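Remarks on the structure that follows.
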Amino acid sequence: MALDLFNSLSGRIEEFAPAEGNKVRFYACGPTVYDYGHIGNFRTFVAVDVLRRYLRQSGFELMHVMNITDVDDKIIRNANQRGVPIGDYTRKFEQAFMEDMGTLGIEQPEQISRATEHIAGMARFIRKLADKGVAYQTEDGSWYFRIDKFPEYGKLSKKDFAGMIVDGGGRMDADEYEKDDARDFALWKAPKEGEASWETEIGPGRPGWHIECSTMAMEYLGESFDLHAGGEDLMFPHHENEIAQSESLTGKTFARHWMHVRFLLVEGQKMSKSLGNFYTLRDLVLMGHKPSSIRLLLTSVPYRKQLNFTFDGLTQSANSVERLRNFKLRMETSTWEPGANAEVAAMAQTAIGEMRASLNDDLNTAQALAAIFDLVRDVNAAADHGKVKKDDVPAILTALGKFDEIFAVLKDEDAAHVKAIVDWARAEGLEEKISPETLEMAKSAALSDAQVEELVAKHSEARKAKDFKKSDAVRDELLAQGVVLENTKDGVRWKRK
RNA sequence: GGCGCGGUAGCCAAGUGGUAAGGCAGAGGUCUGCAAAACCUUUAUUCGCCAGUUCGAUUCUGGCCCGCGCCUCCA
């Protein structure tokens, strides 16, 4: 059973396999660190995270490279407004982005690279393009890529440029006034007053948008690699330009497989600041939503489908996560009769088989989720009828573990993450944005698991002695600290609110 | 205008040429010192509309209506 993945380059679903052995070498476009990451950014990063987790579960070794774009127009503009060097400005948002990745359970790529630390490599790249006659310098010192030297231009985004009128100098953009062809794109921008600039072998200036990805991808992955991913908007012009400059240089296929994640909608509309439906991850947490709810909602719709991100959906996802966690808790805390039931063991096998078959089908996460909920329902029903035996439980927990290797929502770390965001909001003077629900969720972060267990034991002891006054008091104490204690016929269990 | 995607129960959403996964919400029930929760059962004669192909279409073809995306350094 192999992974079938849609390839934007061919426009078809193809079996995905690395070119060399067991190692998958891939590149995913990372963030431009000019602001806090928003929920749309994270749909893409979560989708790539599901891919990498699934590849690893499938036995592949990974070399995943992600760039941090820490120099661009917006960064320069914003840093200038604040009167700080761009490095000071970007460091803060890069740090925030890394924290947000952790909050959402997104794994770190094997290699994270900053654009500003690869300037020399980019200049060398452009020099080589110039040597090949596909790059030219204009009078102001900027460098451009000559599109008409790359006949395959448009092959990824399926744009047909044949017959297009390409007169030079048609546009008088400040940055582009001397291009030979309207389609030519900037490889290198000449220095301007008040802008960051580097001295390089091709002259002073700063890199254009696309050159960083080609340069860093080749540095860490080689001239040709397995897969390149990013948001759908990057297909054109960004990825198209990466292909043009890279393949012009090497004559080899740049990335064999391209994956593009579709944009999400927020409350049925394109997310935009003017519509007032623009949310960063931190906004959502401060409004009272758990990171795990957000992650599940983001993964519940396959990456090539438009996802409608709604607050109602967030509530639904929160409840779904609850159900999954409760099931796991039941498996872990109940007492079981000795023995084994082949029927139950088979349920675990089936669930994982179906989950993997679904993910193999172009990462159909919605269907994979259904397989796990089937397991939850079937095993719960079996347990209600006393059909689950002691020896069946490890197989079920293993299945849940396999599920969580991909979806990463079972382990409850919400309180700690929420707490960190509350602390951040206070430090930033955003106190008024913190909702009561958020505070409630953060509460239990003050208690470690061991501390909770201690109190739970105290409660159970008192309860066993039928000292209900005392047991209730302990339960109330826990609740006040954000921990819910439940007595069920299967035993006592607790969870964070 | 060019290219592309989608319209499935109250909401989110999968899927197949043979008659509709899953989740959430709702309803009923079980359990329980109290709480709270949990669990179980149940919920679309029907898949935007109209034709066509077919023994049979939600699934294929054509048309129409509606929503959405990219084509402007926004993931």
Side-chain angles (χ1 to χ4, degrees), chain A residues 8 11 28-32 34-35 37-48 69 72-75 154 157-160 164 171 173 175 185-186 208-210 229-238 240-241 260-265 268-273 278 296-297 300-324 326-327 329-330 334 354 358 361 364-377 379-381 383-385 463 466-469 471-472 475-476 479 484-490 493-495:
Chain A
S8 320
C29 286
T32 300
Y34 67 98
D35 204 346
H38 58 70
I39 199 58
N41 296 119
F42 290 114
R43 180 190 197 189
T44 301
F45 294 117
V46 167
V48 172
T69 299
D72 90 320
D73 294 349
K74 281 190 295 280
I75 289 170
S157 54
K158 315 287 183 282
K159 291 185 189 305
D160 185 6
M164 228 183 174
R171 293 188 192 174
D173 186 289
D175 270 349
F185 59 88
W209 176 28
H210 322 290
E232 65 171 331
D233 61 314
L234 297 180
M235 184 151 33
F236 186 87
H238 185 53
E240 199 71 71
N241 291 351
H260 290 97
V261 181
R262 198 143 183 217
F263 269 19
L264 55 66
L265 257 35
Q269 289 181 293
K270 185 177 163 77
M271 180 169 70
S272 76
K273 284 182 177 161
F278 182 95
L296 187 69
L297 181 52
S300 64
V301 179
Y303 75 95
R304 281 205 298 139
K305 289 258 187 172
Q306 194 168 59
L307 180 157
N308 187 10
F309 191 92
T310 65
F311 289 100
D312 190 40
L314 227 30
T315 305
Q316 296 180 9
S317 293
N319 291 334
S320 298
V321 171
E322 272 295 291
R323 180 168 156 93
L324 293 167
N326 283 330
F327 175 69
L329 219 46
R330 181 180 192 182
S334 299
E354 283 180 4
S358 301
D361 181 13
N364 189 337
T365 45
Q367 205 164 61
L369 237 21
I372 295 308
F373 278 103
D374 281 340
L375 176 72
V376 171
R377 189 193 53 241
V379 172
N380 268 325
D384 282 359
H385 295 128
R463 201 163 165 269
K466 300 235 186 274
D467 183 354
F468 294 122
K469 210 171 150 191
S471 68
D472 286 358
R475 189 172 62 196
D476 290 345
L479 189 62
V484 179
L485 198 157
E486 292 166 3
N487 289 296
T488 73
K489 63 174 190 286
D490 289 327
R493 65 193 193 198
W494 64 273
K495 59 195 180 195

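Keep in mind it's a predicted model, so treat the numbers as computed, not measured. So that the names make sense, note that chain A is the first sequence line, chain B the second, and so on, each numbered from 1.
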What does the list of N/O pairs under 3.5 Å between the protein and nucleotides 2-4 of chain B look like, with a distance for each?
residue, atom, partner, partner atom, Å
B:G4, N2, A:Arg262, NH2, 3.4

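- At whole-Å resolution of the value, OH in A:Tyr303 and P in B:A13 are 18 Å apart.
- For the P atom pair drawn from B:A25 and B:C12, the interatomic distance equals 15 Å after rounding to whole Å.
- Applying the side chain to side chain contact (heavy atoms under 4.5 Å, CB included) criterion to A:Asp312, with sequence neighbours excluded, gives A:Thr310, A:Gln316.
- In a base pair of the Watson-Crick type (N1 to N3 plus N6-O4 or O6-N4) or a G-U wobble (N1-O2 and O6-N3), with each distance short of 3.5 Å, B:U61 is matched with B:A51.
- Distance A:Met235 CE to B:G69 P: 15 Å, rounded to the nearest Å.
- Remark: the A:Arg493 side chain and the B:A38 base include no donor-acceptor N/O pair separated by less than 3.5 Å.
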Readout for nucleotides 22-27 of chain B: B = base within 4.0 Å of protein heavy atom, S = sugar-phosphate only, - = neither; 5' to 3' it is SBBS--

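- Shown here, B:A20 forms no base pair; nothing in the strands shown gives a Watson-Crick or G-U wobble contact with both key distances under 3.5 Å.
- B:A27 and B:U41 make up a base pair, with Watson-Crick or G-U wobble contacts both under 3.5 Å.
- Across the protein-nucleic acid pair, A:Leu234 atom CG and B:U72 atom P stand 14 Å apart, rounded to whole Å.
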Could you pull out all donor-acceptor pairs under 3.5 Å where a side-chain atom in residues 365-376 of chain A meets a protein atom, sequence neighbours excluded?
residue, atom, partner, partner atom, Å
A:Thr365, OG1, A:Thr299, O, 2.7
A:Asp374, OD1, A:Arg377, NH1, 3.3
A:Asp374, OD1, A:Arg377, NH2, 3.2

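- Going from atom CZ of A:Phe468 over to atom C1' of B:A36 covers 15 Å, rounded to whole Å.
- Here the CG atom belonging to A:Asp472 is positioned 9.0 Å from the CG atom belonging to A:Asp467, to the nearest 0.5 angstrom.
- Residue A:Gln306 contributes atom CD, which lies 18 Å from atom P of B:A75 at whole-angstrom precision.
- Summarising the geometry, the separation between CG on A:Asp233 and C1' on B:C70 is reported as 8 Å, rounded to the nearest angstrom.
- No contact: A:His260 has no heavy atom under 4.0 Å from any strand.
- Note: CZ (A:Arg330) to C1' (B:C40) measures 10 Å, nearest angstrom.
- Under the side chain to side chain contact (heavy atoms under 4.5 Å, CB included) criterion, A:Lys273 pairs with A:Asp35, A:Phe278, sequence neighbours left out.
- Between the side chain of A:Glu240 and the backbone N or O of A:Gly154 there is at least one donor-acceptor pair closer than 3.5 Å.
- Taking the side-chain hydrogen bond (donor to acceptor under 3.5 Å, both in side chains) definition, one finds that A:Ser334 meets it with A:Asp490, sequence neighbours left out.
- Between A:His238 atom NE2 and B:C70 atom P there is a gap of 17 Å when expressed in whole angstrom units.
- Phosphate contact (OP1/OP2 of B:G15, side-chain N/O of A:Asn364, threshold under 4.0 Å): present.
- As judged by a 4.0 angstrom heavy-atom cut-off over every strand, A:Ser471 is placed among the base-contacting residues.
- Remark: A:Lys270 is in phosphate contact with B:C70, judged by side-chain N or O atoms under 4.0 Å from OP1 or OP2.
- Residue-nucleotide stacking is present for A:Phe263 and B:A75, judged by a side-chain ring centre under 5.5 Å from the six-membered base ring centre and planes under 30° apart.
- Using a 4.0 Å heavy-atom criterion, one finds that A:Leu479 contacts no nucleic acid atom at all.
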